[in-house]
**Q** 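This is the structure I want to talk about, given as structure tokens.
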Amino acid sequence: MIDTKANVARSGAGRDALVVYGAELTSRLFLGTAQYPSPYVLERAVKAAGTEVVTVSVRREGAREKGGQRFWEMIAGLGVRVLPNTAGCRTVREAIATAEMARELFDTDWVKLEVIANDDTLQPDLFGLVEAAGILVREGFKVFPYTTEDLGAAERLLAAGCELLMPWGAPIGTGRGLANPYALRTLRNYFPGVPLVVDAGIGAPSHAAQAMEMGFDAVLLNTAVAKAGDPVAMAEAFGAAIRAGRTAFVAGMMEVRDMAAPSTPVAGTPFFDLK
């Protein structure tokens, strides 16, 4: 776990790294790999974003058999960390089996854990999520749990051994941004030393910048880049927005005021009587 402000004070904003499960990351953008027009566009988008972590759905790519194997080989050639995910899993047993498969395929103990409760919103099943997280941690996995802003679930996930939380911004693929900024801010304030990654629902670079300005440690997104008119340019835009948001948070944002405050002081300003 890290204290973001303390980490920045030690390293300086130019070398402000995010540390998760002992790995030091200079990019705070995690990028999904689904729905791109072509593998070539995906490869260029990953490079344009400057990301060091990409997520891969084991179930989706595995179902493609030979095509999936070529896809995995392409991902391995990108020179980035692979964060397999259990997307589409609706039971604890299913999620655990998928995580174990991912560990063999990618030779990594990192896993983004998804246990879905509702088909319309893809909202996480918090009860199943906590149960699966506990089992996987005991099996040696480093779990990145896809969760909500629920404080109780967050406490249980941390108690189960997760060192990081991934609360949703909005339902997956909606592009609505931060649907409940009050709850997200509360979560951020409640766990000041825990890395928090906003995951899902991000639709525009401004949404990502907002999350970073609130003090979140990173953002994970997929659809907003993959489905853009120009995914490569959009990946670059998100990378820049996340860096800007993080820099603003570290610099110290001004407090919001209820009343106007003149930017030019009036004390000592001469007044002329033109009559």
Side-chain angles (χ1 to χ4, degrees), residues 1-4 7 18-25 28 30 32 53 55-59 81-118 121-172 180 183-201 211 214-220:
M1 299 182 187
I2 61 170
D3 184 314
T4 53
N7 188 59
L18 169 64
V19 180
V20 291
Y21 289 112
E24 186 173 293
L25 305 173
R28 292 172 180 267
F30 295 7
V53 178
T55 64
V56 177
S57 170
V58 179
R59 291 164 58 89
R81 285 183 174 270
V82 176
L83 176 61
N85 68 56
T86 63
C89 293
R90 287 171 171 75
T91 67
V92 172
R93 182 177 180 180
E94 199 175 15
I96 291 171
T98 302
E100 291 171 343
M101 183 191 308
R103 181 155 62 181
E104 292 184 13
L105 286 170
F106 294 104
D107 191 27
T108 179
D109 51 10
W110 282 21
V111 64
K112 177 190 168 187
L113 179 61
E114 296 184 31
V115 184
I116 300 303
N118 181 275
T121 65
L122 300 179
Q123 179 172 335
D125 174 356
L126 299 180
F127 301 100
L129 182 67
V130 171
E131 181 182 350
I135 294 171
L136 290 173
V137 168
R138 289 193 294 274
E139 291 186 3
F141 283 90
K142 295 177 172 62
V143 179
F144 294 64
Y146 168 58
T147 184
T148 67
E149 317 93 330
D150 187 278
L151 294 179
E155 289 181 322
R156 285 165 175 78
L157 287 166
L158 294 173
C162 298
E163 296 183 12
L164 164 149
L165 299 172
M166 303 183 79
W168 66 351
I172 293 171
N180 194 342
L184 285 170
R185 197 178 299 275
T186 299
L187 185 72
R188 175 70 284 177
N189 292 337
Y190 203 81
F191 299 104
V194 176
L196 300 180
V197 181
V198 173
D199 176 15
M214 289 168 61
F216 283 87
D217 297 284
V219 171
L220 191 157

**Q** Drop me the distance from Met214's CE to Leu196's CG, to the nearest 0.5 angstrom.
**A** 10.0 Å
**Q** Within a reach of under 6.0 Å around CZ of Arg156, are more than 12 heavy atoms found that belong to other residues, nucleotides or ligands?
**A** no
**Q** Is the shortest heavy-atom distance from the side chain of Ile135 to the side chain of Arg138 under 4.5 Å?
**A** yes
**Q** What is the minimum heavy-atom distance between Ala132 and Val115, and which atoms define it?
**A**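 Scanning both residues completely, I find the closest heavy atoms to be CB-CG2, 4.3 Å.
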**Q** Rounded to the nearest 0.5 Å, how far apart are CG of Leu122 and CD1 of Ile172?
**A** 5.0 Å
**Q** Counting N and O atoms only, with roles assigned by atom type, does the side chain of Arg188 sit under 3.5 Å from a partner on the main chain of Phe191, one being a donor and the other an acceptor?
**A**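 Judged by distance alone, yes, a pair lies under 3.5 Å.
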**Q** Nearest 0.5 angstrom please: Leu187 CG to Leu165 CG, how far?
**A** 6.5 Å
**Q** Donor-acceptor pair, distance only, cut-off 3.5 Å: does the side chain of Thr98 make one with the backbone of Thr86?
**A** no
**Q** If you compare all heavy atoms of Arg103 against all heavy atoms of Gly140, which two are closest, and at what distance to 0.1 Å?
**A** NH1-C, 4.0 Å
**Q** Give the minimum heavy-atom separation between Pro145 and Cys162, together with the two atoms involved.
**A**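 Heavy-atom minimum between the residues: CG-SG, 3.9 Å.
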**Q** Take Phe106 and Val58 through the test side chain to side chain contact (heavy atoms under 4.5 Å, CB included) and record every step on the way to the result.
**A** CA-CA 10 Å; Phe106 294 104; Val58 179; 4.3 Å; yes
**Q** Would Phe144 and Tyr21 count as a side chain to side chain contact (heavy atoms under 4.5 Å, CB included) if you check the C-alpha gap in whole Å, the side-chain angles of each, and the deciding distance to 0.1 Å?
**A** CA-CA 10 Å; Phe144 294 64; Tyr21 289 112; 3.7 Å; yes
**Q** Would you please say whether a donor-acceptor pair under 3.5 Å links the side chains of Thr186 and Asn189?
**A** no
**Q** Do Val194 and Leu164 have side chains that approach each other closer than 4.5 Å (heavy atoms only, starting at C-beta)?
**A** no
**Q** If every non-hydrogen atom of Glu114 is compared with every non-hydrogen atom of Gly88, which pair is closest and at what distance?
**A**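 For Glu114 versus Gly88, the nearest heavy atoms are OE1-N, 4.5 Å.
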**Q** From Lys142 NZ over to Asp109 CG, what is the distance, rounded to the nearest 0.5 angstrom?
**A** 3.5 Å
**Q** Donor-acceptor check, side chain of Arg28 to backbone of Asp217, threshold 3.5 angstrom: yes or no?
**A**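 The answer is yes, because a donor-acceptor pair under 3.5 Å joins these two groups.
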**Q** For the side chain of Thr91 and the backbone of Glu94, is there at least one donor-acceptor N/O pair under 3.5 Å apart?
**A** yes
**Q** Any side-chain heavy atom of Pro167 sitting closer than 4.5 Å to one from Thr148?
**A** no
**Q** For Asp199 and Phe30, what are the C-alpha separation, side-chain angles and deciding distance, and is it a side chain to side chain contact (heavy atoms under 4.5 Å, CB included)?
**A** CA-CA 9 Å; Asp199 176 15; Phe30 295 7; over 6 Å; no
**Q** Assess the residue pair Asp125 and Ile116 against the criterion (side chain to side chain contact (heavy atoms under 4.5 Å, CB included)); give the C-alpha distance rounded to whole Å, side-chain angles, the decisive distance to 0.1 Å, and a yes or no.
**A** CA-CA 5 Å; Asp125 174 356; Ile116 300 303; over 6 Å; no
**Q** Parallel, tilted or perpendicular for Trp168 and Tyr146, by the 30°/60° rule?
**A**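 Ring orientation of Trp168 relative to Tyr146: perpendicular.
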**Q** To the nearest 0.5 angstrom, please state how far the CG atom of Asn85 sits from the OG1 atom of Thr55.
**A** 5.5 Å
**Q** Using every non-hydrogen atom in the two residues, find where Leu157 and Ala133 come nearest and quote the distance to one decimal.
**A** CD2-CB, 3.9 Å
**Q** So, for Trp110 and Val53, which heavy atoms are closest and what is the spacing to 0.1 Å?
**A**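 It is CZ3-CG2, 4.2 Å.
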**Q** Can you tell me how far the CG atom of Asn118 sits from the CZ atom of Arg90, to the nearest 0.5 Å?
**A** 9.0 Å
